[in-house]
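Only one structure is covered here, and it is reproduced in the block below.
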Number of protein chains: 2
Amino acid sequence: MPAQDRADLGAMVMHLGRRILAMERPILARHDISMWGYVVLSALRDQPMRTQVALATSIGADKTRLIAVLDELQRRALIRREPDPADRRARLLGLTPAGRRLHQRIRADIRAAEQDLLAALAEADRTTFLAALAILDDPPPGQPE
Amino acid sequence: MPAQDRADLGAMVMHLGRRILAMERPILARHDISMWGYVVLSALRDQPMRTQVALATSIGADKTRLIAVLDELQRRALIRREPDPADRRARLLGLTPAGRRLHQRIRADIRAAEQDLLAALAEADRTTFLAALAILDDPPPGQPE
DNA sequence: TATTGTTATACTCTATAACTATA
DNA sequence: TATAGTTATAGAGTATAACAATA
């Protein structure tokens, strides 16, 4: 494909993103968890958080949007959410063992689906693609997003 | 980066997509056109359409959502939109010369911004990345999206 | 009866403002 | 006074339903 005639980068990336999200939706439904619920589990698996505001910022969400998600995850005993003894305004957030196990199961399913999708690429191209994605995803400091 | 520790594909792609859209927003604003307006100009540049439904389908939008967009583009004389003499229910859609010129100017600005973004990749990786994106974006027939 | 375009309406998602409790 | 969490409200974006014109 001549580079000049390709579709806009934004259009291609967003289109692929919607395709991936559509692929993930039934997996999440099977595990009875929302997209935001999964995002929260993933974030807390990477590191526990000291406040809900910090969690919201780290996943690019509004703090008010998180509350219903956290309520549900806590109700199902997938996360810990307890007042910080040192500052009782804050809520210490982390995964419970059950939350960690559920996240691992969901992620395994999603990884399998990703492999199906990426099977359209040759092995070397797949590696290059993922590496490029990681680079573009993480802009160098000093260039505000 | 070990493949097992990378972020989910969907998260990376959607994050990059939002980054690109944020990059495009000021460009579109400078040309006084909405995101959907630009999408419509792009689609009609690729090929004229016989109905608004066909246009809506081709860009993944709802037909009702298009109407305000088409009203505005027509008001600014950027598109043609006339009843098909052979079937007066349908509206023949296409770019005017002014619409074609505006699309070309906007696309040039967007391409320039894309180059800045892609400059984070080595030349060979950039080529591979764009080719991979085009492949993943266009799933083989028989695999419904 | 089916289809195109349109309008009006409802729904979903998200952000904003206001409140409480702590500091 | 400032911040964390929460609730209530408003807004944007989108989809659904109903309609008129045409086939």
Side-chain angles (χ1 to χ4, degrees), chain A residues 10-11 14-15 17-19 21-22 24-25 28-29 33-40 43-44 47-75 79-94 145, chain B residues 10-11 14-15 17-19 21-22 24-26 28-29 32-40 43-44 47-75 79-94 145:
Chain A
M14 288 306 289
H15 185 250
R18 279 192 294 271
R19 191 181 161 212
L21 256 47
E24 293 181 357
R25 210 160 286 131
L28 296 173
I33 200 154
S34 68
M35 186 69 73
W36 279 115
Y38 177 65
V39 169
V40 166
L44 292 181
Q47 61 170 330
M49 298 272 176
R50 209 186 61 80
T51 69
Q52 296 180 186
V53 173
L55 173 60
T57 302
S58 79
I59 63 178
D62 190 276
K63 65 172 181 170
T64 63
R65 219 193 322 175
L66 270 188
I67 292 175
V69 177
L70 295 176
D71 286 348
E72 170 72 4
L73 292 175
Q74 184 178 25
R75 192 188 62 75
I79 61 168
R80 288 181 299 98
R81 186 197 200 184
E82 49 210 24
D84 182 349
D87 179 349
R88 306 216 341 271
R89 293 173 302 181
R91 302 281 177 273
L92 300 175
L93 300 168
E145 250 173 283
Chain B
M14 289 303 292
H15 186 249
R18 279 192 293 271
R19 190 182 162 212
L21 256 48
E24 292 181 356
R25 208 160 288 132
L28 295 173
D32 192 29
I33 200 154
S34 69
M35 188 67 75
W36 280 114
Y38 177 66
V39 170
V40 166
L44 292 181
Q47 62 170 330
M49 298 273 175
R50 210 187 61 79
T51 69
Q52 295 180 186
V53 173
L55 174 60
T57 302
S58 80
I59 63 178
D62 190 276
K63 65 172 180 170
T64 63
R65 220 192 325 175
L66 271 189
I67 292 176
V69 178
L70 295 176
D71 286 349
E72 170 72 5
L73 293 176
Q74 185 179 25
R75 192 187 63 74
I79 61 169
R80 287 181 301 98
R81 187 197 199 184
E82 48 209 25
D84 181 351
D87 179 350
R88 305 213 343 268
R89 293 173 302 181
R91 302 279 178 276
L92 299 175
L93 300 169
E145 248 174 286

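The sequence lines fix the lettering, A, B, ..., with proteins before strands; numbering per chain opens at 1. Hydrogens, waters and symmetry mates play no part in the numbers below; they use all other heavy atoms, side chains included.
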- Query: How would you list all residue pairs meeting side-chain hydrogen bond (donor to acceptor under 3.5 Å, both in side chains) that involve residues 51-60 of chain A, not counting sequence neighbours?
  - Reply: A/Q52-A/R81
- Message: Which residues pass the side chain to side chain contact (heavy atoms under 4.5 Å, CB included) test with A/R88, not counting sequence neighbours?
- Response: none
- Message: Distance check, rounded to the nearest 0.5 Å: B/R65 atom CZ versus B/I59 atom CD1?
- Response: 8.0 Å
- Query: Taking all non-hydrogen atoms of both residues, which atom of B/W36 and which atom of B/G60 are closest, and how far apart?
  - Reply: CH2-O, 4.3 Å
- Task: Starting from the 5' end of DNA chain C, give me the residue, A/A86 or A/R65, whose nearest nucleotide shows up first.
- Result: A/R65
- Query: Can you check whether A/M49 reaches A/R91 side chain to side chain, under 4.5 Å on heavy atoms?
  - Reply: no
- Message: Please determine whether a side-chain nitrogen of the Lys or Arg among A/D84 and A/R50 lies less than 4.0 Å from a carboxylate oxygen of the Asp or Glu.
- Response: yes
- Query: Given atom CD1 of B/I67 and atom P of D/dA15, what is their separation to the nearest angstrom?
  - Reply: 14 Å
- Does the side chain of A/L55 come within less than 4.5 Å of A/L70's, by heavy atoms? yes
- Message: If I compare all heavy atoms of B/P85 with all of B/L92, which pair ends up nearest, and what's the gap?
- Response: CD-CD1, 4.2 Å
Under 3.5 Å, N/O pairs linking protein and nucleotides 17-22 of chain D:
unit_1	atom_1	unit_2	atom_2	d
D/dT22	OP1	B/R88	NH2	3.0

- To the nearest 0.5 Å, what is the distance between CD (A/E72) and CD1 (A/I79)? 10.0 Å
- More 5' along DNA chain C: A/W36 or B/D71, using each one's nearest nucleotide? B/D71
- Interface limits on DNA chain C, where chain B has a heavy atom under 4.0 Å of a nucleotide atom: C/dA2 to C/dT7
- Quick one: CD on B/E24 to CE on A/M14, what's the gap to the nearest 0.5 Å? 10.0 Å
- Using heavy atoms and a sub-4.0 Å distance, could you list which residues of residues 49-62 of chain B are near DNA chain D? By number, please. B/D62
Tabulate protein N/O versus nucleotide N/O from nucleotides 10-12 of chain D, keeping only pairs under 3.5 Å, one per line.
none

- Would you say the side chain of A/K63 lies within less than 4.5 Å of the side chain of A/L66, judging by non-hydrogen atoms? no
- Item | Close side-chain approach of A/L73 and A/I33, heavy atoms under 4.5 Å | yes
